[in-house]
Amino acid sequence: LAITSTIWAESMVICKQMLRAQFPRTQVLALMFVFGLTTPIGAMIGIVLGSIIQPQISQLLQIVLLSVAAGFFIHIAVSAHTGYISLLLF
């Protein structure tokens, strides 16, 4: 729910920044198309993996991936608040 409710705002901000940086409009449209496909493709991969993997492993994988997603949300929130963004993950 969090991803689908913020994807439109993220795409608008990314598009605006690319246009401000004078990217060609065709390249901006192509990149926005790819960006828009990431959520449905990720959902399909999750559905397929969830049906293939054993229930215990599937549940563990879900816990790990939700934890990583929560970490990213916290990182982005703190970065937006402090104005500091570190791209080093490890």
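Quick note: numbers below take in every heavy atom, side chains included, and nothing from hydrogens, waters or symmetry partners. Residue numbers start at 1 and run along the sequence shown.
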Side-chain atoms of residues 44-53: list all donor-acceptor pairs with protein atoms under 3.5 Å, sequence neighbours left out, distances to 0.1 Å.
{"from": "Ser51", "atom 1": "OG", "to": "Ile47", "atom 2": "O", "distance (Å)": "3.4"}
{"from": "Ser51", "atom 1": "OG", "to": "Val48", "atom 2": "O", "distance (Å)": "2.8"}

Please output the side-chain donor-acceptor pairs of residues 11-25 that fall under 3.5 Å, not counting sequence neighbours, one pair per line with the distance.
{"from": "Ser11", "atom 1": "OG", "to": "Ile7", "atom 2": "O", "distance (Å)": "3.2"}
{"from": "Ser11", "atom 1": "OG", "to": "Trp8", "atom 2": "O", "distance (Å)": "2.8"}

Using atom types as modelled, flag every donor-acceptor pair under 3.5 Å from a side chain in residues 61-74 to any protein atom, sequence neighbours excluded.
{"from": "Ser67", "atom 1": "OG", "to": "Ile63", "atom 2": "O", "distance (Å)": "2.8"}

Going by side-chain heavy atoms closer than 4.5 Å, which hydrophobic residues are tied to Val34, directly or by a chain of links? none
Members sharing Leu29's hydrophobic cluster (side chains within less than 4.5 Å): none
